[in-house]
Amino acid sequence: MSEHLIRGRVGLAPSGADPAARPAVRWRGTPLTWVHGGGLTTLLFLAPMLIVFGACSWYPIVRTVVMAFQHTNLVRPATWVGWDNFRAVWDDPLFPIAVKNTLYFAGLALVIGYPIPLAAAVIMSELRRGGALFSVLAYLPVVIPPVVAVLLWKTFYDAGSNGVFNTILGWLHLGPYPWLQDPHWAMPSLVLESTWANAGGTVIIYLAALRGVNRDLYEAAALDGAGVWRKVWHVTVPQLRGVLLVTMILQIIGTAQVFLEPYLFTSGGPSNSTVTVLLLIYDYAFGNSLGGDYGSATALSLMLAGALAVFSAVYLRLTRNWSQS
Amino acid sequence: MRSVRTTATRAAAVAAVAALFAAGCSSSSSDDSKGSNPKKGVTISVASLIPGSTKEASAQFANQVAEFEKANPTIHVKSVQYQWTGPTFAAKLAAGTLPTVFTVPFTDGRTLGENGQLADLTKQAKQLPYFGKYNPAVIAEGTTSAGKVIALPTAAYAQALHYNRKLFQQAGLDPDQPPTTWDQVRADAKQIAQKTGKAGYAEMGKNDNTAGWILTTVAYSLGGRMEDGTGKDAKATLDNPQTKQALQMLHDMRWSDNSMGHDFSWGWSDINQAFAAGQVGMFVNGSDIYTNLVQASKIDPAIYGVTTVPLAGGGSAGVLGGGTLAAVRPDASEAEKAAAVKWIDFYYEQPLIDQQQAIRNAKTLVASKQPVGVPALPVFDKQQYELANTWIKSYINVPQPQMAPFMDKIFDQPLVPEPAASTQSVYHALDPVVQAVLTDKNANIDQLLKAANEAAQAAISQGK
C-alpha cells in the first residue's frame, strides 16, 4: 500500500473491524494533512469524471424527476403540477396501446431474435474453416449506421410487387405482402430488421463464451452416445447459462426501450400499430410543433424506468439460484 | 528521491487539471456569438434553404446574404439550412438551437406567440413603412390576442391539386382539362392506375400530422369543419358527415379502385419527391410547392400541372389556406431583433412590395435557375400581388399555362383558415384514422372518428 494511502487512514479503525465495535474517533487531520495525504490529487483526478457524469448523466436524471412534476415549455418558467403528468399519461388512450405494442415487440424479439444469435454462434464455433469470416459477416450489420440500415430495409419492404422481398417471394408464387403498410405485418417486420441489425453483437458474446466451454465435456458426451442436439442441450446451454441469463435481461430491457425502428420505419403507424412506449415519450416531447408536453414525457420515462427496475429485480431474484447452480 | 518524484507528479497533475479548467473557462468566455458588440456589429443566423437544395439555389442565397451585408455593414449573417417539420421544430425550439430568424407555418404562429416562444417584434415591425398594407387576415396570423406582432407573413397559399400531365396523357386523359369534382378525381385516378401502373391519386399518410392536415383539406372542400368555436371552449367536430364522406372516398379509391398505389405512409417531402419522380398522378399540397419540387426534387417542368381543389356545391365548402411566417428566437437581444427584422424585410418582404427589389430578386433567381412566378396568394392585397407580378413578368420562368387551371379559379374559391384551436393536435388525432382507412379494408370509420374526436376534444380542452 502506498505511503499516502496509509497516511489517509490516520485515526481510523483497522480495515475489516466490526464497525459497531469501532471506537468513536475524531478526525485529527487538518486540510493541510488532507492535501499532503493526496486528497487534493485524488479529487483533481476524479474531477473530470465527476463533471462529465454530473453534467451528462446525473443532472439530466435529476432534471427528469423534477420535470415530471412540472408543466413547462422550456421557455417560460415551470409550474409545479404534482402528480398531474402521471395521471395524464395514465388516462391517455395511447398509453395502453403503447404498452401492449412494446410487450408485443419484446415478445416477438425474444421468440425470433433471442435463439438466432445462439444458434449462429454454436454453428460458427463448430466450423473448422471460415469462422472468422462468418464472425465478420455476422457483426457487419452492427457497424452499419442504423439510419442507413433502415433506408436499406425500406427498399426491401417495398409493398409493391417490385420490392426486394416481394420479388424474391414472387419467384415462389407468394405475395406481394404489405410489410410496413399493414397494421398486422408492421411490427413483425420491425422485429425482423431489428434482429438482423443487432444479432451480431450477441453472436460475438456467445462465441467468446463458447471458447470457455471445456472441450472434454463434449468428448465425454460423445462417448456417452450424445448427438449434436443433446450436446447443445446438455453441455452448451448449461455451460452458457450465466451469459444467457445476462443477454436475455439485456435484450428485454433493450426491446422495452425500442424506438429507432418504429420511429424511422413507421412513425408509429399504421393506425398506431407500432407506437411503443419510447415513441410515445418522444411524441409527448416533440410530436407537437408548438413545444412539447415535457412533463408527461418525463413522467412516462420515470414510469418505464420504474417498471424495468422492478422487472430486473424480480428477474434477478428468480434466476439467482439457477445462475449459481 | 521518491518524495521529490511524488511531489513533482502531483504538481504536474494539478497543473494539468488546472489547465483543463482554464481551457474550458477561456473557451466559454471567448464565445461572443450572443448579443452584439458596437464595434463588431451584430451577428444573426438565418434560415436559408431546405437540406438537399441544389448548388444553384445555395449560390443564389449566398449572393443575397452578401448583398444584405453590403447594405448593412454592421450586421453579419450566418445562413443555416432549415426545413420546418413538426418534430424537428419542437426539438430545436426546446433545445434553443433554432436560428435567430426562422419560419413557421400559419398553423402555429399565434399559439407560439401566446406561449412566449417567439420574440415580440411589435416595435420593429411597426416601423416598417408598409406595415399598414398587410392583408389584415394575413397579418392576424402573426399577431397575438394581446396585439403583439410576433411574426411577419412572408407567403400565403391555398391547398391545390397537383397533377402529372405526362401520366394524364399516358392514361388517355386531357392534361388541360384536370378534374373539377372529387368524382372526376376518383375516375381519373382509376384510369391512371390502370393504364400506367402508377398511383393515380396519393395522399400524405404519415403519423406526423400531415395525414390529418390533408384529410382536413378534403373535408373542408366538401363543406365540413373540424371545430366549432375558439380556444379551450372550442368543440371538436371531427366526426362530421363531410369527414366521413372524405374517408369513404379514400377507402373506395384504395380498396375498390386500387388507384392509390402501394405506399400509404407518405410525408410532405416523400410525396413531393415521388410526384417529381413520376410515381404519383395527383395529390393535394400547398399551391406554392413548385419551388420545392424544383429545388429539392429537380422536377421536369413539362410534367407539372396544378389546379384548384374541387369544391362541393353548397355554401360552406372552401379551400384550406395557409402560409409562412418569419419569426425570431424569444431570447434575441434588441439589436438582434432589429437586425432580424431588417433581414426579414430584405429577404422576404421587399420582393413583394418594391419594384426594384422584386426585379433584382427575380433576376437572381433566374440566373441561378430557380423558379419565378410560383402560384401563391397575396400577403398584402390582390392589387399589390398582381402589380408585383407585372414587375417580374419578363422573368417568370415557371410553366404558367400549366398553372392556369389553378390561377384562373383560385380567387373565386372561399379561403378557410386552419382549425384555430389545438390545430396540430386535431391533425394528429386524424392521422391514425387516415392510416386505418388506407391499410385496413374493414376499418370502421364511425368508430375511428369517434375516438379521434374524443382525443382532439381532450387536447382542445387542455389547450395542447
Side-chain angles (χ1 to χ4, degrees), chain A residues 2-4 35-36 38 40-41 43-45 47-48 51 72-77 88 91-94 97 158-163 166 176 178-186 262-263 265-275 279 282-283 285-294 296, chain B residues 2-3 6 9-10 13-14 16-18 20-21 24 84-91 93-96 104-105 107-108 111-112 115-117 205-209 211 261-265 267 330-331 422-425 428 431-433 435-436 438-440 443 448 451 454-455 458-459 462 464:
Chain A
S2 67
E3 186 186 354
H4 68 270
V35 170
H36 280 297
L40 182 61
T41 312
L43 187 64
L44 285 173
F45 272 107
I51 291 168
T72 176
N73 64 9
L74 298 180
V75 177
R76 282 185 166 176
D91 294 339
D92 185 350
L94 268 181
I97 295 172
D158 190 312
S161 53
N162 53 357
N166 281 340
W179 303 112
L180 302 169
Q181 307 292 331
D182 182 282
H184 305 293
W185 281 75
Y263 176 67
F265 271 119
T266 57
S267 298
S271 311
N272 296 327
S273 61
T274 57
V275 170
L279 195 63
Y282 173 84
D283 208 29
F286 305 114
N288 190 326
S289 56
L290 295 171
D293 185 353
Y294 302 107
S296 295
Chain B
R2 179 193 163 102
S3 173
T6 306
T9 307
R10 281 181 202 158
V14 171
V17 176
L20 277 174
F21 275 113
W84 185 93
T85 67
T88 54
F89 179 79
L93 185 68
V104 294
T107 320
D108 292 345
T111 316
L112 286 169
N115 292 346
Q117 292 163 298
K206 201 170 180 180
N207 201 25
D208 64 354
N209 309 352
H262 49 75
D263 193 333
F264 312 107
S265 55
D331 58 352
S422 302
T423 317
Q424 299 287 7
S425 296
H428 198 53
D431 286 347
V433 181
Q435 291 184 334
L438 291 175
T439 59
D440 180 3
L448 288 163
E454 286 170 3
Q462 294 169 44
K464 287 187 175 176

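In the text below, chain A, chain B and the rest are named by the order of the sequence lines, each starting its count at 1.
A search for side-chain hydrogen bond (donor to acceptor under 3.5 Å, both in side chains) contacts involving A:N166 returns A:W179, not counting sequence neighbours. With sequence neighbours excluded, the residues forming a side-chain hydrogen bond (donor to acceptor under 3.5 Å, both in side chains) with A:T274 are A:T266, listed by chain and number.
Within the 4.5 angstrom heavy-atom criterion, only side-chain atoms of B:N209, from C-beta onward, approach chain A. Contact of A:D283 with chain B is made through the side chain alone, with heavy-atom distances under 4.5 Å. For chain A, the nearby parts of B:N115 are the backbone and the side chain; heavy atoms of each come within less than 4.5 Å.
Nearest heavy-atom pair, B:N207 versus A:S267, reported as atom, atom and distance to 0.1 Å: ND2-O, 2.8 Å. Scanning all heavy atoms of the two residues, the minimum distance from A:S271 to B:P432 falls at OG-O, 3.7 Å. Of all heavy-atom pairs spanning B:H262 and A:A159, the tightest one is O-CB, 3.5 Å. Considering every non-hydrogen atom in both B:A90 and A:F286, the closest pair reads CB-O, 3.7 Å.
Here the CG atom belonging to A:L180 is positioned 9.0 Å from the CG atom belonging to B:D263, to the nearest 0.5 angstrom. For the atom pair B:L438 CG and A:Q181 CD, the distance stands at 9.5 Å (nearest 0.5 Å).
When each of A:P183, A:A186, A:A88, A:S273 is scored by its heavy-atom pairs under 4.5 Å with chain B, the top score falls to A:P183. Of the listed residues (A:D158, A:V275, A:D92), the greatest number of heavy-atom pairs within a distance under 4.5 Å of chain B belongs to A:D158. Ranked by heavy-atom pairs under 4.5 Å with chain A, the list B:S422, B:G267, B:A94, B:A455 is led by B:A94. Ranking B:Q462, B:H428, B:E454 against chain A, the residue ahead of the rest is B:H428, based on heavy-atom pairs under 4.5 Å.
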